[in-house]
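Accompanying notes for the structure given below.
Numbered from 1 within each chain, the chains take letters A, B, ... in sequence-line order. Values below: every heavy atom of this structure, side chains too, minus hydrogens, waters and symmetry copies. A quick note: this is a predicted structure, and the numbers were derived from the prediction, not measured.
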2 protein chains.
Amino acid sequence: MRLTTKGRYAVTAMLDLALNAEKGPISLADISRRQEISLSYLEQLFSKLRQQSLVSSVRGPGGGYKLSREPEAISVAQIIDAVNESLDVTNCESQGNCQQGQQCLTHNLWMDLSDRIHAFLSSITLASLVQRDEVREVSVRQNSSSELGLLDVSGVQ
Amino acid sequence: MRLTTKGRYAVTAMLDLALNAEKGPISLADISRRQEISLSYLEQLFSKLRQQSLVSSVRGPGGGYKLSREPEAISVAQIIDAVNESLDVTNCESQGNCQQGQQCLTHNLWMDLSDRIHAFLSSITLASLVQRDEVREVSVRQNSSSELGLLDVSGVQ
DNA sequence: TATTTACTTGACTAAACTAGTCGGGTTTAC
DNA sequence: GTAAACCCGACTAGTTTAGTCAAGTAAATA
């Protein structure tokens, strides 16, 4: 199992999309500014999110990305999976052939943990995150900061 | 967060120690044979486990390692921690300064997940694993296999 | 006391992965 | 037709994993 910046960025970017949905298509440049994620890296991530039909794109000026489903129907587990981060903690990818074709000593322990993690992150949807007080607060802060130009001061670098 | 072979090996080796405790000190060569873990790699892991006082060593012929506490008092979380694998899923190591000194949009989500994982693995001790039926079965298989020389057939290589 | 077993330490390494960058496209609104 | 935005592939520095290898030290036993 690996849960790194890649998966966290993907979830953060998708949540940004959900929070700002009413503004129409959201450009990656906006997400990059608000969430402080490299634009080029976002492009990589959104390529995968689009392949998995979690977002759809609108090209041309004024274009951007939007969620391709209701935020109620998109779970954190799905997003992490879409960018190829596995929530499986076992070595054998849950196949149980970890030692000479049979189960290793700790196989069931890792299976149990994987199930827990997956169940937890499947139970959390973008809609449920949007409703959290602290998420709304951070979102308000981010929107005002980026409007005022407090972030990304130097343009490039 | 990272949960890889390193942490799994450490837990497996510690469980092997718990299962074979009545035989006296267990050599790394025995663990290597039964669990199919490279001897040199085990040495690295046990160096850390010893530094964290999870095992104690007996040098010389007939020596080996044993648990330095009751198996009831050693949790899976402690073992993973001892070999420097973090169960923390946040980017800021739970400090909440992920975005310009303030919380990022998804900080609490990752905190919640970290707490769940930690609570789960803290609740599982070596003693509780030893009592599991499937663990005892695998252990019996491993002991008979290694006695019969079914594993590690070619000696070296 | 010599030998052997086993722990101890540190340096080294190939391969994989992360978190990007860079440069060139294509599409479409205005 | 030009600029805003998506799209795509190649490249890369740095880190980590999962080891190997060599040279020890400590202690039991013959």
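Put simply, the side chain of Glu85(A) gets close to the backbone of Thr4(A): a donor and an acceptor are under 3.5 Å apart. For the pair Thr125(A) (side chain) and Ile74(A) (backbone), a donor-acceptor distance under 3.5 Å is absent. Between the side chain of Ser32(B) and the main chain of Leu28(B), no donor-acceptor pair closer than 3.5 Å is present.
Residues Leu67(B) and Leu54(B) form no side-chain contact, since every pair of their non-hydrogen atoms from C-beta on lies 4.5 Å or further apart. At a threshold of 4.5 Å between non-hydrogen side-chain atoms, the residues Asn20(A) and Arg34(A) count as touching. Ile117(A) places a side-chain heavy atom less than 4.5 Å from the side chain of Val89(A).
Inspection of the Asn143(A) and Lys23(A) side chains reveals an N or O donor paired with an N or O acceptor under 3.5 Å. Residues Gln99(A) and Gln142(B) have side chains that bring a donor and an acceptor to within less than 3.5 angstrom of each other. A donor and an acceptor atom, one from each side chain of Ser114(A) and Trp110(A), are nowhere located under 3.5 Å apart. No hydrogens or angles considered: a donor-acceptor pair under 3.5 Å links the side chains of Thr12(A) and Thr106(B). Using a 3.5 Å distance cut-off with no hydrogens or angles, the side chains of Gln78(B) and Gln52(B) do not pair a donor with an acceptor. Arg132(A) and Asn108(B) share no side-chain donor-acceptor pair at under 3.5 Å.
In this structure, Tyr9(B) and Tyr41(B) have perpendicular ring planes: the angle between them is above 60°, well past the 30° mark.
Protein chain B contacts DNA chain D from dT16(D) to dA28(D), reading 5' to 3' and using non-hydrogen atoms of the protein with a distance under 4.0 Å. On the nucleic acid side, DNA chain C has its first and last nucleotide under 4.0 Å of a heavy atom of chain B at dT4(C) to dT9(C), going 5' to 3'.
Where Tyr65(B) and Pro61(B) meet DNA chain C, the nucleotide closest to each residue was compared, and Pro61(B) sits on the side nearer the 5' end.
Residues of residues 6-21 of chain B having a heavy atom closer than 4.0 Å to DNA chain D, listed by number: Lys6(B), Tyr9(B). Contact check of residues 37-59 of chain A against DNA chain C (heavy atom, cut-off under 4.0 Å) returns Ser38(A), Ser40(A), Tyr41(A), Gln44(A), Arg59(A). In the region residues 24-31 of chain A, proximity to DNA chain D at under 4.0 angstrom, judged on heavy atoms, holds for Ile26(A), Ser27(A), Leu28(A).
With sequence neighbours left out, the side-chain hydrogen bond (donor to acceptor under 3.5 Å, both in side chains) criterion links Thr90(A) to Asp88(A).
Using a cutoff of 4.0 Å between basic side-chain nitrogens and carboxylate oxygens, Asp133(A) and Arg136(A) are not scored as salt-bridged.
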